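This report refers to the structure that appears directly beneath it.
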Amino acid sequence: MSEALLVQEDQIEVTFPDGSVKTFAKGTTGLTIAGTISKSLAKAALAVTINGELADLSRPLEESCALTIVKREDEQALSLIRHDAAHVMAQAVQELFPGTQVTIGPSVEDGFYYDFARDEPFSTEDLEKIEKRMRQIVERGATFTREIWDRNDAIAYFKKQGEQFKVELIEDLPEGEEISLYRQGEGDEGWLDLCRGPHLPTTRHVGTAFKLTKVAGAYWRGDSSKAMLSRIYGTAWRDDKELKAYLNRIEEAEKRDHRKLGKEMDLFHFQDEAPGQVFWHPKGWTVYVALMDYMRRKVKKYDYVEVNTPQMLDARFWKKSGHWDKYRENMFVLEDEETSEHPFALKPMSCPGNAQLYNYGIVSYRDLPIRMAEFGRVFRKEPSGARHGLMRVQAFTQDDAHIFCTDEQLEDEVVSMCDLIREVYTDLGMADHITINFSTRPEQRIGSDEDWDRAENALQKVLDRIGMKWVLNPGDGAFYAPKLDFILTDAIGREWQCGTIQVDMNMPTRLDMSYVAPDGEKARPHMIHRAILGSVERFIGVLIEHYAGKLPLWLAPVQCVVATVTGKADDYAQDIVKKLKEQGVRATLDIRNEKINYKVREHSAVGKVPVMFVVGAREAEENTVAIRRLGSKDQSVESLESAITTLAQDCKPPY
RNA sequence: GCUGCUGUAGCUCAGUGGUAGAGCACACCCUUGGUAAGGGUGAGGUCGAGAGUUCAAUUCUCUCCAGCAGCACCA
């Protein structure tokens with residue numbers, strides 16, 4: 001007879017993480033169970049997980065289950081603390097600013113937010129007041145109580161409270177779904193919010209390690225046609241040490257901001273007169289060119305041909321491709337559409353241009369696949385609030401390519417592209433930092449469902465073959481093709497799309513592309529769009545933040561500064577720079593009348609130059625150099641000849 | 001585009017209803033110094049643009065432009 005049958009009807013079996021099983025009366029709470037294990041555990045318990053799902057400590061257990069007790073040191077405690085902090089903040093706001101409506105307030109990475117509807121904006125001083133009130137509410141130690149409400153009662157209650165947004169939320173909940181409210185505090189004194197939970201036992205459990213960080217606008221339900229709400233962000237942690245560490249981490253990350261480093265390192269600047277366009281300084285342009293040269297070598301290695309197409313084309317191409325309908329507002333159109341029969345526009349992407357090259361002449365199946373690369377300079381009129389340093393500009397260069405191929409060639413081509421992308425990201429030190437998004441058909445799209453099925457299946461098969469981690473991003477494909485997007489993050493964790501692979505079965509038809517098949521009949525090629533860096537500008541921004549300005553030697557704008565300790569070594573230093581340049585090293589000379597401390601600080605801390613050769617009378621006499629590598633405190637003295645040979649070798653870019 | 005904030009010297013920032021100040025950078029001088037800021041002197045500003053209020057606006061108000069944070073968008 002199995003043990004399970006011995007369990008009486010009014011009892012349940014609880015399995016603990018160590019595998020032990022105990023029997024309890026039905027309806028026993030996690031808190032009671034924790035108490036049977038030890039008093040200290042009951043005290044430390046914050047919540048439970050029931051079959052892996054987080055739940056209130058006070059939740060009665062109705063069925064046999066696997067149970068864990070969540071304590072403050074557990075990772076799950078963080079999201080509880082943050083979610084509760086959001087509730088506490090909402091209560092604080094309503095106490096301080098009566099009439100403010102609450103909407104939603106989830107926990108997010110590193111913290112939480114709550115969206116409020118209020119006529120007046122929240123000021124920075126308001127944040128201080130709110131935070132102070134939050135600490136009082138935490139101090140009160142009000143109990144969180146879960147209540148199940150009747151749908152109509154809940155709607156009536158929130159209507160009476162003037163909470164239109166909560167009413168809308170409840171009305172939109174599927175029929176039959178349990179409507180749970182959480183009360184913090186006792187009876188009518190308590191503050192009620194619609195919430196799925198779970199929560200901590202009391203507000204006191206939130207602790208003191210939180211801080212309100214910023215106030216910003218956010219649309220109701222993420223929809224720009226709906227009301228703009230005031231969102232207050234906060235961060236919350238298990239203890240003050242964690243909070244301090246977080247604030248410190250943010251501060252450090254902000255020092256890596258590419259806009260800040262771009263100025264300090266003299267790489268580029270922006271001006272009001274050219275919004276979203278880069279003024280590249282000599283040093284920044286050196287990085288740009290080094291990266292482009294590298295990409296050109298890669299593309300050659302992978303059997304691409306490089307082409308170049310016009311910057312400015314008749315809008316008929318965009319109308320034909322469908323971009324005009326969807327992106328007209330974001331294109332720079334050069335002539336008045338009203339008066340000109342053929343308005344021209346700056347190209348926002350290179351696809352139609354490359355298609356013209358394909359269409360020039362007759363393509364045989366023997367010519368396929370054609371891998372056509374173009375470092376295309378494109379222009380996109382971005383919404384004013386979207387521009388962001390190098391990451392989102394209005395004029396940029398894509399390391400674009402279009403592969404035209406047959407159905408049979410499709411998958412291998414995409415796999416080979418993934419190899420190339422992986423190779424490039426590895427060379428650039430970013431391989432471990434990419435997220436791949438598989439973005440499938442959007443609601444607004446062109447083409448038949450059969451074609452979308454085929455294109456998505458092809459990408460799915462490739463993903464199965466390449467064995468890289470990926471995330472499904474349903475509905476986020478381009479209007480003409482599903483895609484794999486390669487996402488990188490900046491210093492403070494914002495995500496930026498860099499590489500992309502798009503399997504397109506629509507443009508070839510739209511742009512009248514064909515090839516002659518073995519049977520002599522015309523056939524439609526497939527078109528794969530791909531970019532590896534994406535935007536060269538954006539990728540440099542990401543690289544700067546990733547390396548905190550300390551770019552790998554081969555990309556560093558200045559690879560070596562030869563600096564003198566005394567004027568007596570000027571001639572020697574000049575000679576060294578000349579020799580370095582002969583070996584292809586980007587070297588500069590610093591014989592200014594300054595102390596060596598000053599020069600070291602300027603080139604290392606500020607300029608991020610990877611290598612310094614320091615020379616004085618001694619080195620000039622002995623034909624040596626004192627080598628200082630960025631990041632290391634000490635230096636080594638080497639003979640000039642071997643120092644140059646070694647450095648020249650280290651500066652070689654990857655092939 | 002939306003909400004909020006910001007715009008003063010090349011950079012980072014202070015300041016004021018009576019037309020401006022610091023540090024760094026720059027120029028010159030002193031200093032020739034051995035690994036993360038040596039000292040002195042000097043030059044440098046239409047206070048984002050336009051309009052309004054005022055005897056007087058860099059300062060107050062409005063509009064526009066640009067930037068920052070977040071949201072929305074991103075072929």
Side-chain angles (χ1 to χ4, degrees), chain A residues 113 115 118 120-124 126 213-233 257 259-260 263-264 266 269-276 318 321-331 347-352 378 380-389 391-392 394 398 400 442 476-481 483 485 492 494 496-497 500 502 504 507 529 531 534-535 538 563-570 591 593-607 612 614-619 626-628 630 632-635 637:
Chain A
Y113 68 77
D115 286 347
R118 180 174 180 240
E120 298 264 303
F122 290 106
S123 66
T124 320
D126 291 339
T213 49
K214 57 200 167 195
V215 53
Y219 295 108
W220 169 234
R221 299 199 145 176
D223 183 340
S224 61
S225 68
K226 295 201 160 83
M228 173 64 68
L229 307 169
S230 292
R231 174 173 295 180
I232 301 178
Y233 280 94
D257 189 313
R259 295 164 296 188
K260 187 176 154 69
K263 268 179 206 158
E264 286 175 13
D266 192 20
H269 82 269
F270 292 92
Q271 275 181 217
D272 285 6
E273 292 83 354
W318 317 113
S321 69
H323 286 91
W324 188 264
D325 286 340
K326 195 159 164 56
Y327 294 111
R328 163 74 190 85
E329 287 303 310
N330 300 307
M331 285 171 65
K347 71 172 178 182
M349 14 81 79
S350 301
C351 328
V378 297
R380 297 179 181 180
K381 198 189 277 177
E382 300 288 2
S384 59
R387 302 194 289 251
H388 185 102
M391 304 298 200
R392 188 106 176 246
Q394 301 202 108
Q398 287 181 313
D400 206 354
D476 212 37
F479 72 89
Y480 51 82
K483 53 183 185 160
D485 284 331
I492 63 168
R494 283 178 293 225
W496 299 98
Q497 184 203 307
T500 186
Q502 307 167 359
D504 181 359
M507 284 305 145
H529 313 246
S535 142
R538 172 177 294 180
T564 49
V565 177
T566 145
K568 288 177 195 114
D570 286 359
I591 53 171
N593 175 16
E594 296 290 353
K595 289 215 152 93
I596 193 63
N597 290 355
Y598 179 91
K599 294 184 184 180
V600 166
R601 193 192 105 85
E602 190 177 285
H603 299 301
S604 301
V606 185
M612 277 186 81
V614 176
V615 293
R618 207 155 59 217
E619 285 79 8
I627 305 167
R628 187 196 167 93
L630 185 58
S632 80
K633 277 250 168 355
D634 27 67
Q635 65 243 284
V637 178

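Naming: A, B, ... by sequence-line order, numbering from 1 per chain. These numbers were taken from a predicted model, which means no experiment stands behind them.
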salt_bridge(K260(A), D257(A)) N-O dist < 4.0 Å: no
Interatomic distance where NE2 belongs to H603(A) and P belongs to A37(B) [whole Å]: 14 Å
For RNA chain B, the dot-bracket notation using Watson-Crick and G-U wobble pairs below 3.5 Å, [ ] for pseudoknot-type crossings and | for other-strand pairs, is (((((((..((((....[..)))).(((((.......))))).....(((((..]....))))))))))))....
Check: protein-nucleotides 11-14 of chain B nitrogen or oxygen pairs below 3.5 Å:
from, atom 1, to, atom 2, distance (Å)
U12(B), OP1, K263(A), NZ, 2.8

What distance, rounded to whole Å, do you find between the two P atoms, one in A22(B) and one in A72(B)? 46 Å
Below 3.5 Å between N/O atoms, which protein atoms pair up with nucleotides 60-66 of chain B? Just atom names and distances, please.
from, atom 1, to, atom 2, distance (Å)
A66(B), O2', D272(A), OD1, 2.5

note: Q502(A), atom CD; A75(B), atom P; distance rounded to Å ~ 8 Å
Side-chain N,O (R628(A)) to OP1/OP2 (G34(B)) below 4.0 Å: no
Which atom pairs link the protein and nucleotides 38-46 of chain B when you take only N or O atoms and keep those under 3.5 Å?
none

Euclidean distance for P, A66(B) against C24(B) (whole angstrom): 35 Å
Taking atom P in both U35(B) and U12(B), what distance in whole Å separates the two? 32 Å
Residues forming a ring-ring contact (aromatic ring centres under 6.0 Å, His included) with Y233(A), sequence neighbours excluded: Y113(A)
Please report the distance, rounded to the nearest Å, between OH in Y480(A) and P in C74(B). 12 Å
What residues form a salt bridge (Lys or Arg N to Asp or Glu O under 4.0 Å) with R221(A), not counting sequence neighbours? E168(A), D172(A)
Ignoring hydrogens and geometry beyond distance, is the side chain of E619(A) in donor-acceptor contact with the base of G34(B) at under 3.5 Å? yes
Taking only residues two or more places apart in sequence or in another chain, which ones pass ring-ring contact (aromatic ring centres under 6.0 Å, His included) with H603(A)? none
Using a 4.0 Å heavy-atom cut-off, does K483(A) contact any base of the nucleic acid, only the sugar-phosphate backbone, or nothing at all? sugar-phosphate
So what does A626(A) touch, heavy atoms closer than 4.0 Å: a base, only the sugar-phosphate, or nothing? base
What integer number of Å spans the P atoms of C60(B) and G23(B)? 26 Å
So does R392(A) get a side-chain nitrogen or oxygen closer than 4.0 Å to the phosphate oxygens (OP1/OP2) of C74(B)? no
Closest-nucleotide ordering on RNA chain B, the 5'-leading residue of V606(A) and H323(A): V606(A)
Rounded to whole Å, CG of D476(A) lies from C1' of A72(B) at a distance of 13 Å
Can you name the residues that form a side-chain contact (heavy atoms from CB on, under 4.5 Å) with S230(A), not counting sequence neighbours? F122(A)
Consider the side chain of T566(A), meaning its heavy atoms from C-beta on, and name the nucleotide among U32(B), U35(B), C73(B) that approaches it most closely. U32(B)
Please determine whether the number of non-hydrogen atoms from other residues, nucleotides or ligands lying under 6.0 Å from atom CD of E329(A) exceeds 12. no
Euclidean distance for C1', G1(B) against A37(B) (whole angstrom): 45 Å
Got a sec, which residues hit salt bridge (Lys or Arg N to Asp or Glu O under 4.0 Å) with E619(A), two or more places apart in sequence or on another chain? none
R494(A) has a side chain; which of A69(B), A36(B), A72(B) sits nearest to it? A69(B)
P spacing across the pair A49(B) / G7(B), given as an integer number of angstrom: 13 Å
Rounded C1' spacing from A14(B) to U6(B) in Å: 15 Å
What is the distance, rounded to the nearest whole Å, between atom CE of M391(A) and atom C1' of G67(B)? 16 Å
Presence of H388(A) side-chain N/O under 4.0 Å of A69(B) phosphate oxygens OP1/OP2: yes
K599(A): partners by salt bridge (Lys or Arg N to Asp or Glu O under 4.0 Å), with sequence neighbours left out: D590(A)
From the list C68(B), G70(B), A75(B), which nucleotide is the closest neighbour of the side chain of R259(A)? C68(B)
When rounded to the nearest Å, what value does the distance between P atoms of A69(B) and G42(B) take? 40 Å
Write down the distance between CD (Q394(A)) and P (C73(B)), rounded to a whole number of angstrom. 18 Å
Below 3.5 Å is the cut-off: list the nitrogen or oxygen pairs between protein and nucleotides 3-5 of chain B, distance only.
from, atom 1, to, atom 2, distance (Å)
U3(B), O2, G217(A), N, 3.2

Taking only residues two or more places apart in sequence or in another chain, which ones pass salt bridge (Lys or Arg N to Asp or Glu O under 4.0 Å) with D634(A)? none
Under-4.0 Å side-chain N/O to phosphate OP1/OP2 contact, Y219(A) with A72(B): no
